[in-house]
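For reference, the structure is listed below as structure tokens.
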Amino acid sequence: MTSPLHRDDVAHVAKLARLSLSEEELALYTDQLGQILEHANDMSTLQLDDVIPTAHPFGLINVVRDDSVRESLDRDVVLAMAPDAEDGRFAVPRIMGEAP
Amino acid sequence: MKTAEQIALDVRSGASTAQRELDASLAAIHARNDELNVFLYVDEDGARAAAKDVDDKVARGESVGPLAGVPVAIKDNMCQVGVPTTCSSRILEGWRPPYSATVITRLLAAGAVPVGKTNLDEFAMGSSTENSAFGPTRNPLDPSRVPGGSSGGSAAAVAADMTPIALGSDTGGSIRQPAALCGLIGVKPSYGLVSRYGLIAFASSLDQIGPFSKTVTDAAILLEAIAGHDPMDSTSLPEPAPMLSAHVNDGVVGKRIALVRELIDGADPDVVASVTRAVEVLKDAGATILELSIPELQLGLSAYYLIAPAEASSNLARYDGVRFGLRVDGEDVEAMNTATRTAGFGAEVKRRIMLGTYALSAGYFDAYYGQALKVRTQMIDAFKRAYAQADLLIGATAPSVAFPFGSKTSNPMAMYLSDVFTIPTNLAGEAAISVPFGAGEAGLPTGVQLLGPGRSEAQLFAAARVLEREERGS
Amino acid sequence: MTLPGSWEMVVGLEVHTELKTATKMFCGCANHFGAEPNTNVCPVCLGLPGSLPVLNERAVELAMAIGIALHSTIAPSTFHRKNYFYPDMPKDFQISQYDLPINSGGYLDLPDGSRVSIERAHLEEDTGKSTHLGGSGRIHGADRSLVDYNRSGVPLVEIVSGPDIRSSAQARAYAAELRGILIATGASDGRMEEGSMRIDANVSVRKSGEPFGTRCEIKNLNSLRSLHRAIDYEALRQVELIESGGVVRQETRHWDENLGVTSTMRTKEEAEDYRYFREPDLVDLAPEQAWQDRIRLALPPMPAERRAALKERLIAPTPAQLDAVEVVIDLNLEQFVNAAIDADIDPVLALARAANELAGGLEGIGNLTPEAFCATLRLEQSGQLSATQAKTVLGELLAHGGEPGAIAAAKGFEQLSSDSLGSTVESLIAQNPDEWARYREGDEKLAQFFIGQVMKLTKGKANGKAVVAELQSRR
Ligand SMILES: [Mg+2]
Ligand SMILES: [Zn+2]
């Protein structure tokens, strides 16, 4: 967990997050994110193998709703939000690959 | 300005009208909004319609709610149908939600009059409201200083007497810290007490909506109006809203209140002095005081700055230029997504998205995000042990009084440290309140924080009221 | 198809089935195929800021029903987010189950007696649907795409088999049997052509007895025929690649139905980093025993059990009759066959009429009662209706319902009395002496000639069997 952040890590993460960074931004973020991760190293020395991770503050279970239909939004309202729409659908530039 | 409690009384009795109260609020907004940059949008037409509706009901002798005619400011990360909602981000500029958050629906049902949307750190990421794409908000008590954040606009609205109450959201301290810096009551309710439906997510497992006010009673009335189970939020607590305003004067006799060393360590001496004096006041009011050390709290910041960005990186993926909000063209979908997000998000949002993406990515998950979730477990356990010994905990809300603009913007870590005392409550899903108590540098207010276990709001309000009575003399 | 030499294919299937709920997985929008684009959408299934998911109880119950039918263990489960950007996925993450699925383990027995293990059957949400404009209408070469989110958030169960399948025929049988189970549980309508059941296949090859080879995942198999063809193509491709000195790379491949080939979609190196983590907007799912039992008790018998029960009622069934049993079970028609057998109608006749006439008129099956079916077959069996007439009556019953006797009467199907049939046959014998002579000498084919002539004269009212009896008596 003491891996100091590398410029390429930040570049990779930016690509995953669909952000494009200039060289200066890359350098700055590498430095700043590195500092934050270094601060997080105070957790790395803890022996927590037996601790159960908490993803939720408390344990509600089986929260479900009835399978009954509620009114949907009006399509004109929906498409009015769209940056681009055509033929009742949201329009996007070409998609380069199939969904994973 | 009148309290919300007083306005509602006057409107119900006919001594005033909702429209008259709204005019006063709008006048105060128009007088100082250009200077302070509190409201991003003032919904005059909507507010006038809501106020008229309340007045009509009063005239017809119909029942009006506990917030009848009370103007309320709404942090601009809560959806209100037809009203621009931006999260202070270019990426949502101009977006008008086709639906309302549950809290908005409940406010209207309680007779409140939402007057507009207040400034925040972009997507609630920040502690000074300097990260807004639409300029910083100034602290009404000293316009050369920040109001705190991320709910700085809502805090400033109440501090500048634009509205008696406001809604903020608190993910790591974003209500309590600006409340402290602006001299207000600010409440972070137990996780699940207030519905998150329609609150634009920052970090889903930490976010809670809560009140700002000048009095404990007003905060209690507002929280009662918005709390209680909501079937639209799977993490909503199953029970109806608790009785809070009826218990504000219950006092602290026999309560065990623990001063926690880790919740004052590193705070400015003025702040520590205020906490120390608050402890004396509570003791004089009949509480049993003890001192505790909870070393796990020191890990809160590290865990928080992995968990919150991790959730945020996923929550903010949907801002992709496809369905709503900003689109910057690109030759294919990926290029369009990237151009949109690069242009639409500010620096702090990008920083946290990248941090969270990194913490979740293959090869780093266990070391960072996974470890942080375990630390979270430890923090919850540590709080449980503390609450076996004490009913409530006490410490500082923020390490210092309101700080000058730009003093922490160049160093993210320095800014993050503003939340060191507030973060643990969010990680544990528990409740806390910041009470204005005492003063520090330049006569600016200091905040004292009272913490309690989940569903302890009534006890927190009662203890806060003891401090309030001492401070205000009423 | 068999692979050359001692090569053997190793196949595991991932079947996605849309659940037949009234509403979507996490919102109250209608789960309805074929609606106008973007009319069944709301803040939740559009992924609008501030929206939150709430789990559909019925989707959970149908997932449990599938698990029970597949002999899985229903366990406490969680939801995760699978993060990747794609325009038909509104939140840019899919809510799915990851390390703790609702159903784990289990198996499916195929009609040929083989058993395929089930690894898991988990809940997840479907995506929207893209239409590609420009180019050939396919994703490659298109210049823009249009997205409809009606399907976004429709509940899915993904059923993952073990790598137990050894032939394309077995893969097909597995998919068909699974489809029958999904229909029987009420979880799905099994309509592959509408995309409500979609299959991905993991295919590798090895020499028998050796460890598994590197596998490729084939996407986009939307019919049993595609599944069969794609697996054969892919297995052979891998064998030929290895035999010519190449190495199979782990990758995702796309099946092109028109060209009949698979092609590289994405290599392992290009694989997404999905950054799975617990969905913080949903709580854990831990169906208590009483809830599980309610679902278990409400489950109707599964196809294998029904198939066995029906076969029991046949004496020494022929292969054709066994095929008819498959059809009857697949189409849920055995109540008609059973009622007929109970009423002493020949099981072979009942099976044939159900597998052909009823199967051909399924859209009207609601108009037909088992009683009317039995009454029609009784008329046929007793010779009061010819086979052709009985089929016509069944067609009418399927189209409009009614009473078989009345339909037969209305169509003028009253059988000729044997007296008048006898005289018709005699006059035909007199008019066709050469044909009659050949028939008497043993040429049985000539019986058909006389039947045809009688039918012509009686406008189809005669019963073929009765004509033969008249001919025999005069031979
Ligand atoms: Mg899947
Ligand atoms: Zn929906």
Side-chain angles (χ1 to χ4, degrees), chain A residues 1-3 5 9-22 25 28-30 32-33 35-44 46 48-58 60 63-66 73-74 77-85 90-97, chain B residues 95-96 98-99 191-192 205 231 234-235 237-238 298-299 301-303 305-306 313 320-327 329-339 341-342 345 350-351 353-355 357-358 361 367-368 370-378 380 412-413 416 427-430 454:
Chain A
M1 186 154 155
T2 43
S3 64
L5 202 61
D9 298 326
V10 178
H12 172 68
V13 161
K15 190 171 155 51
L16 273 179
R18 302 246 157 129
L19 294 169
S20 104
L21 301 181
S22 67
E25 286 174 312
L28 180 68
Y29 282 126
T30 303
Q32 290 178 336
L33 298 183
Q35 279 181 42
I36 299 163
L37 292 172
E38 215 173 280
H39 189 273
N41 277 344
D42 61 1
M43 300 190 305
S44 67
L46 302 173
L48 302 178
D49 289 350
D50 300 331
V51 178
I52 297 162
T54 299
H56 269 289
F58 48 70
L60 292 175
V63 175
V64 292
R65 63 178 176 83
D66 285 348
L73 289 170
D74 188 86
V77 171
V78 169
L79 293 179
M81 292 186 299
D84 190 11
F90 293 82
V92 294
R94 69 197 152 109
I95 305 172
M96 294 304 279
Chain B
W95 182 60
R96 290 173 189 254
Y99 77 108
Y191 187 78
S205 78
S234 305
T235 63
L237 290 171
Q298 291 170 325
L299 294 165
L301 201 65
S302 293
Y305 277 99
L306 294 172
S313 70
D320 59 6
V322 174
R323 289 160 304 280
F324 54 84
L326 181 71
R327 172 182 293 188
D329 287 332
E331 57 172 13
D332 58 46
V333 157
E334 183 168 350
M336 182 276 282
N337 292 158
T338 305
R341 292 165 63 80
T342 301
F345 289 137
K350 289 177 185 168
R351 187 153 43 234
I353 288 175
M354 288 193 292
L355 182 57
T357 305
Y358 182 77
S361 65
Y368 289 113
Q371 190 80 350
L373 295 186
K374 290 179 173 185
V375 167
R376 188 171 187 180
T377 306
Q378 292 212 307
I380 291 170
M413 254 348 274
Y416 296 173
L427 288 171
E430 294 172 344

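Convention: sequence-line order gives letters A, B, ...; per-chain numbering from 1. Quick caveat, the model's predicted, so the values are computed rather than measured. Because only heavy atoms are used, hydrogens play no part in the values below, and waters and symmetry mates are left out as well, while side chains stay in.
- With sequence neighbours excluded, the residues forming a salt bridge (charged side-chain N to carboxylate O under 4.0 Å, His left out) with Arg18(A) are Glu334(B), listed by chain and number.
- Residue contact with chain A, scored on non-hydrogen atoms closer than 4.5 Å, is absent for Tyr99(B).
- When each of Arg94(A), His12(A), Glu25(A), Lys15(A) is scored by its heavy-atom pairs under 4.5 Å with chain B, the top score falls to Arg94(A).
- Contact annotation for Ala91(A): only backbone heavy atoms (N, CA, C, O) come within less than 4.5 Å of a heavy atom of chain B.
- With a 4.5 angstrom heavy-atom cutoff, Pro98(B) touches chain A via backbone and side-chain atoms both.
- The two residues Arg376(B) and Ala55(A) have their closest heavy-atom pair at NH1-O, 3.7 Å.
- Both the backbone and the side chain of Ala372(B) come within contact range of chain A, with heavy atoms under 4.5 Å apart.
- Looking at Arg65(A), neither its backbone nor its side chain comes within 4.5 Å of chain B, counting heavy atoms on both sides.
- His56(A) and Ser205(B) are not linked by any side-chain donor-acceptor pair at a separation below 3.5 angstrom, with hydrogens and angles left out of the test.
- Most heavy-atom pairs under 4.5 Å with chain A: of the set Trp95(B), Tyr305(B), Tyr191(B), this distinction falls to Tyr191(B).
- Counting heavy-atom pairs under 4.5 Å between each of Leu46(A), Val77(A), Leu16(A) and chain B puts Leu46(A) at the top.
- Separation of atoms OG1 (Thr54(A)) and CD1 (Ile52(A)) is listed at 8.0 Å; rounding is to 0.5 Å.
- Residues satisfying the side-chain contact (heavy atoms from CB on, under 4.5 Å) criterion with Leu60(A), sequence neighbours excluded, are Phe58(A), Val63(A), Pro238(B), Val283(C).
- Considering CG of Leu326(B) and CG of Asp320(B), their distance stands at 11.0 Å, rounded to 0.5 Å.
- Atom CD of Gln35(A) sits in a crowded spot, with more than 12 heavy atoms from other residues, nucleotides or ligands closer than 6.0 Å.
- Interface remark: Ala339(B) contributes no atoms to any contact with chain A (heavy atom separation under 4.5 Å).
- Chain A forms the most heavy-atom pairs under 4.5 Å with one residue out of Gly330(B), Gly429(B), Ser234(B), and that residue is Ser234(B).
- In this structure, Tyr358(B) and Tyr368(B) have tilted ring planes: the angle between them lies in the 30° to 60° band.
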Does Leu37(A) form a side chain to side chain contact (heavy atoms under 4.5 Å, CB included) with Leu306(B)? I'd like the steps, not just the answer. CA-CA 9 Å; Leu37(A) 292 172; Leu306(B) 294 172; 4.0 Å; yes
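- Between chain B and the residues Leu21(A), Val10(A), Asp84(A), the largest count of heavy-atom pairs under 4.5 Å involves Asp84(A).
- Using a 4.5 Å cut-off between heavy atoms, Val92(A) touches chain B through backbone and side chain atoms alike.
- Ranked by heavy-atom pairs under 4.5 Å with chain A, the list Gln378(B), Met336(B), Glu430(B), Arg96(B) is led by Gln378(B).
- Looking at Leu79(A), neither its backbone nor its side chain comes within 4.5 Å of chain B, counting heavy atoms on both sides.
- For Leu73(A), the part lying under 4.5 angstrom from a heavy atom of chain B is the side chain only.
- The minimum heavy-atom distance linking Ser44(A) with Asn41(A) is given by the pair OG-O, 2.7 Å.
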